[in-house]
Amino acid sequence: MLAAEKATKAAEEAVALHKKAKKDRNRARNLRAGVAYGPPLTAIGTGYVMGGGLGLAASLLSTFAGGAFVGRKPYDEDADWTTEWRSLGDGDRMTAPMLDQAFRAAKVIGSEETLRVVQMPMLDTRGAWTAILDLPPGVPAKRAIRATDELAAAFGVEEAQVSVMKKGRSGRVELYVSRDLPFTDKAAPGPLLALESPANFWGRISIGPDVRGIHQSISVVERSGLIGGEPGAGKSASGNTILLAAALDPRVILHLADGKGGGDLEPFESLCEAYEGDADPEAFDKMLDDELRDMKARYALLKKLGKRKVTEELANKHPELRQKLLWVDELMLYTTDDDFGKKITKKLRNLVSRGRAAGIITFCATQKPGSDVVDTSLRDLLSIRWALRCTTPEASDTILGKGAAASGYSARTIQSEMRGAGLLWAEGTNPQMVRADYYTDEQVNALIERATEWRRAAGTLPKAPLRLIDQLNTLAEEGDKDAEILSRVLSCFFVEDIAARQRAVNGGMDREQAEAEISVHWLPGQVILDYLKLQCVEVTAEKLAALVQRTDEEKTKRPWGPKGSRVTGYPLARVETAATTRFGLTA
């Protein structure tokens with residue numbers, strides 16, 4: 001009421017000053033007319049008397065000049081600028097009357113209601129308009145947030161240029177209207193490039209700038225997350241902000257699963273203690289079994305130590321409790337599999353709900369954010385949501401939660417030019433538009449090399465997995481005869497591979513082509529027995545058949561040698577299966 005009285009008094013004073021100014025202007029105009037007419041009339045008479053015709057001409061010229069001056073059209077109307085349509089899109093300034101008009105057009109406030117301007121409209125350093133407004137009593141901020149599209153139309157700009165956020169109380173909003181479509185300029189170099197020492201995954205992780213240019217960061221401690229968006233929205237580049245931060249902290253254990261079977265996660269493979277890169281649901285299901293066993297072991301150790309959850313101090317003392325990041329790329333391939341989909345969803349839900357306090361952080365990413373891909377029982381446990389560009393409000397809601405689009409937070413509004421931009425809901429009560437820090441492929445490789453050096457220095461660089469033949473050799477050195485036989489059989493395939501490529505080269509094939517195309521996957525039993533004899537390993541045909549048990553189809557004779565004689569033999573895959581099954585090894 002005091003503010004209204006003050007505004008009314010100021011308006012009355014402005015009207016009084018305007019009337020006084022009009023009166024002063026009319027008085028001055030009359031004075032100028034008297035001054036203008038007096039001298040010409042005097043000049044006409046004096047000129048005629050004193051100068052005849054020449055004097056008359058001079059006096060008439062003076063009279064016409066005076067008439068032209070006083071005969072101009074006077075300004076005698078009040079200009080009501082508030083009745084004109086003002087548009088930010090046309091370059092006009094943001095004013096209080098414009099705000100009232102836009103909010104009325106968007107039906108956020110009634111035709112007789114006005115906004116209370118808490119912070120007057122002003123331009124920031126980026127040339128964007130910002131203001132803080134109080135809505136009329138009884139009008140909640142969410143009504144303005146839901147009407148972002150209508151407000152954009154009223155301001156004459158794109159919806160993506162308008163940001164409306166609740167500011168401290170239910171009826172107060174902060175309005176931000178950027179000059180151009182945000183996130184279409186070239187991204188600045190990511191802050192991880194400037195690191196001179198290992199990162200701290202226990203601290204805050206840089207994500208990227210919001211529409212105001214303010215850099216945003218999040219904490220993932222005891223959190224899990226979901227990233228989703230249509231193909232080409234920048235999901236892989238956005239995920240790199242978190243993956244690289246984890247890789248650059250030598251204490252973090254990396255377990256990655258690539259559901260696309262592509263190359264997005266391949267650069268990180270050398271840093272991983274577990275990696276599933278073949279898009280194999282069965283292999284990922286087994287990987288989750290290992291994660292659940294590790295979670296159980298972590299809780300057993302916490303109970304023994306008398307602690308409730310893993311902290312940074314505790315993890316530094318006990319390497320078994322180091323932070324672990326499980327990253328699942330293209331979740332759809334795993335969760336929609338006919339044989340393992342439901343099992344995988346159930347195990348993931350168990351791991352996400354119970355693993356956070358044990359230091360296990362799970363992030364899932366998908367290009368098809370649908371309820372059949374991300375079960376709501378799993379999604380609701382993932383506390384960090386990042387919705388990149390989506391084709392429908394429903395797809396956006398699958399990531400952010402049901403009703404988010406209806407409340408004004410829909411990733412469908414993100415333009416195709418805004419690559420890497422998405423609605424991030426990590427902290428606070430509402431999602432906010434953020435563009436992820438961008439790292440080129442060359443920068444990613446450089447950061448991974450740096451991470452490798454730091455992990456090697458810290459003693460946490462995973463050892464390269466041993467080949468199956470090396471694992472068998474280790475068992476053979478311990479005295480296992482069967483392991484020695486199988487190791488020699490695999491050596492036979494290796495030798496025959498080399499011989500076959502050499503024969504191809506001698507026959508005129510290019511060496512690189514031979515290396516790429518020629519591989520021996522089947523050998524006659526007699527060839528294997530002869531090789532074992534040369535290696536001083538006495539094995540009978542019956543013993544070999546007992547070690548490597550084949551199906552009837554695999555026992556079928558095949559052509560071999562220059563003459564194409566048909567003989568029985570052993571597939572390489574069957575030999576590997578026999579070794580891994582008998583000794584519990586990995587191929």
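Predicted model, so just to flag it, every value in this text is computed and none were measured. We're numbering straight along the sequence, starting at 1.
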Test item: Trp386 and Ile207 side chains (from C-beta on) under 4.5 Å apart, heavy atoms: yes
Is any NZ, NE, NH1 or NH2 atom of the basic residue among Asp185 and Arg435 found under 4.0 Å from an Asp or Glu carboxylate oxygen of the other? yes
Would you check if Phe201 and Ile361 make a side-chain contact, meaning some heavy-atom pair closer than 4.5 Å? yes
Per the side chain to side chain contact (heavy atoms under 4.5 Å, CB included) rule, which among Leu351, Leu348, Leu226 passes with Leu378? Leu348
Please check if the number of heavy atoms outside Arg146 that lie under 6.0 Å from its CZ is greater than 12. yes
Atom CD in Glu394, atom OG in Ser410: separation rounded to 0.5 Å? 8.5 Å
How far does CZ of Arg412 sit from CD of Gln415, to the nearest 0.5 angstrom? 9.5 Å
Closest contact, heavy atoms only, Val434 versus Gly208: CG1-O, 3.6 Å
Side-chain touch Ile469/Phe494, heavy atoms, less than 4.5 angstrom: no
Taking the side chain as everything from C-beta on, heavy atoms only, tell me whether Glu269 gets closer than 4.5 Å to Asp258. no
Apply the test salt bridge (Lys or Arg N to Asp or Glu O under 4.0 Å) to residues Asp482 and Lys543: give CA-CA distance (whole Å), side-chain angles for both, the deciding distance (0.1 Å), then the verdict. CA-CA 10 Å; Asp482 291 344; Lys543 173 66 174 177; 3.2 Å; yes
Between Tyr409 and Leu400 the two heavy atoms that sit nearest each other are O-CD1, 3.7 Å
Kindly give the heavy-atom pair with the smallest separation between Arg212 and Ser163, and that separation in Å. NH1-OG, 3.8 Å
Is Lys324 paired with Glu273 through a side-chain N to carboxylate O contact shorter than 4.0 Å? no
Backbone N or O of Asp278 within a donor-acceptor pair of the Glu276 side chain at under 3.5 Å? yes
Okay, side chain of Arg298, backbone of Val310: is any donor-acceptor separation there less than 3.5 Å? no
Stepwise side chain to side chain contact (heavy atoms under 4.5 Å, CB included) test for Thr452 and Ile448: CA-CA 6 Å; Thr452 301; Ile448 288 177; 4.2 Å; yes
Residue pair Trp202 / Gln323, side-chain heavy-atom distance below 4.5 Å: yes
Which residue, Leu423, Asp210, Leu424, forms the side chain to side chain contact (heavy atoms under 4.5 Å, CB included) with Met433? Leu423
Euclidean distance, Leu326 CG relative to Asp290 CG, rounded to 0.5 Å: 11.0 Å
Is it the case that Asn473 and Ser487 place a side-chain donor and acceptor less than 3.5 Å from each other? yes
Neighbour count above 12 (heavy atom, 6.0 Å) for Gln549 CD: no
Report the C-alpha distance between Val489 and Val548 in whole Å, list the side-chain angles of each, state the deciding distance to 0.1 Å, and finish with yes or no for side chain to side chain contact (heavy atoms under 4.5 Å, CB included). CA-CA 10 Å; Val489 173; Val548 184; 5.7 Å; no
Minimum heavy-atom separation for Leu333 and Ala279, please, with both atom names. CD2-O, 3.2 Å
Flag if over 12 foreign heavy atoms under 6.0 Å of NZ, Lys142: no
Considering all heavy atoms of both residues, which atom of Thr568 and which atom of Lys557 are nearest to each other, and what is their separation? CG2-CG, 3.6 Å
Can Trp560 and Trp522 be said to form a side chain to side chain contact (heavy atoms under 4.5 Å, CB included), step by step? CA-CA 10 Å; Trp560 178 262; Trp522 181 90; 3.9 Å; yes
Is the positively charged end of Arg550 above the ring of Tyr570, judged by distance under 6.0 angstrom from the centroid and angle within 45° of the axis? yes
Donor-acceptor pair, distance only, cut-off 3.5 Å: does the side chain of Tyr334 make one with the backbone of Val328? no
Return yes if some donor-acceptor pair links the side-chain N/O of Asn445 with the main-chain N/O of Asp441 below 3.5 Å, else return no. yes
Any donor and acceptor pair, going by atom type alone, linking the side chain of Thr460 with main-chain N or O of Pro250 inside 3.5 Å? yes
So does Arg379 get a backbone contact from the side chain of Arg385, meaning a donor-acceptor N/O pair under 3.5 Å? yes
Please check if the side chain of Thr148 supplies one atom and the backbone of Ile145 the other of a donor-acceptor pair under 3.5 Å. yes
Distance in Å, Lys346 NZ paired with Asp285 CG, rounded so as to fall on 0.5 Å steps: 11.5 Å
Quick one: CG on Asp289 to NZ on Lys286, what's the gap to the nearest 0.5 Å? 9.0 Å
Full working for side chain to side chain contact (heavy atoms under 4.5 Å, CB included) between Phe363 and Ile384: CA-CA 9 Å; Phe363 266 83; Ile384 298 174; 4.0 Å; yes
Test Glu291 against Lys347 for salt bridge (Lys or Arg N to Asp or Glu O under 4.0 Å), laying out the working first. CA-CA 9 Å; Glu291 307 298 343; Lys347 291 174 183 179; over 6 Å; no
Is a side-chain N or O of Arg455 found less than 3.5 angstrom from the main chain of Val252, in a donor-acceptor match? yes
Within the side chain of Arg356, is there an N or O that forms a donor-acceptor pair under 3.5 Å with the backbone of Val352? yes
Side chains of Ile360 and Asp294 in contact at under 4.5 Å (non-hydrogen atoms): yes
With the side chain counted from C-beta on, respond yes when Met295 and Asn350 share a heavy-atom pair under 4.5 Å apart, and no when they do not. yes
Is there a donor-acceptor contact under 3.5 Å from the side chain of Ser396 to the main chain of Ala411? yes
Considering residues, nucleotides and ligands other than Lys343, do more than 12 of their heavy atoms fall under 6.0 Å from its NZ? no
Could you pull out the closest heavy-atom pair between Cys492 and Leu523, with the gap in Å? SG-CD1, 3.7 Å
Hey, what do you get for OH (Tyr438) to OG (Ser238), rounding to the nearest 0.5 Å? 11.0 Å
Close side-chain approach of Pro209 and Asp437, heavy atoms under 4.5 Å: yes
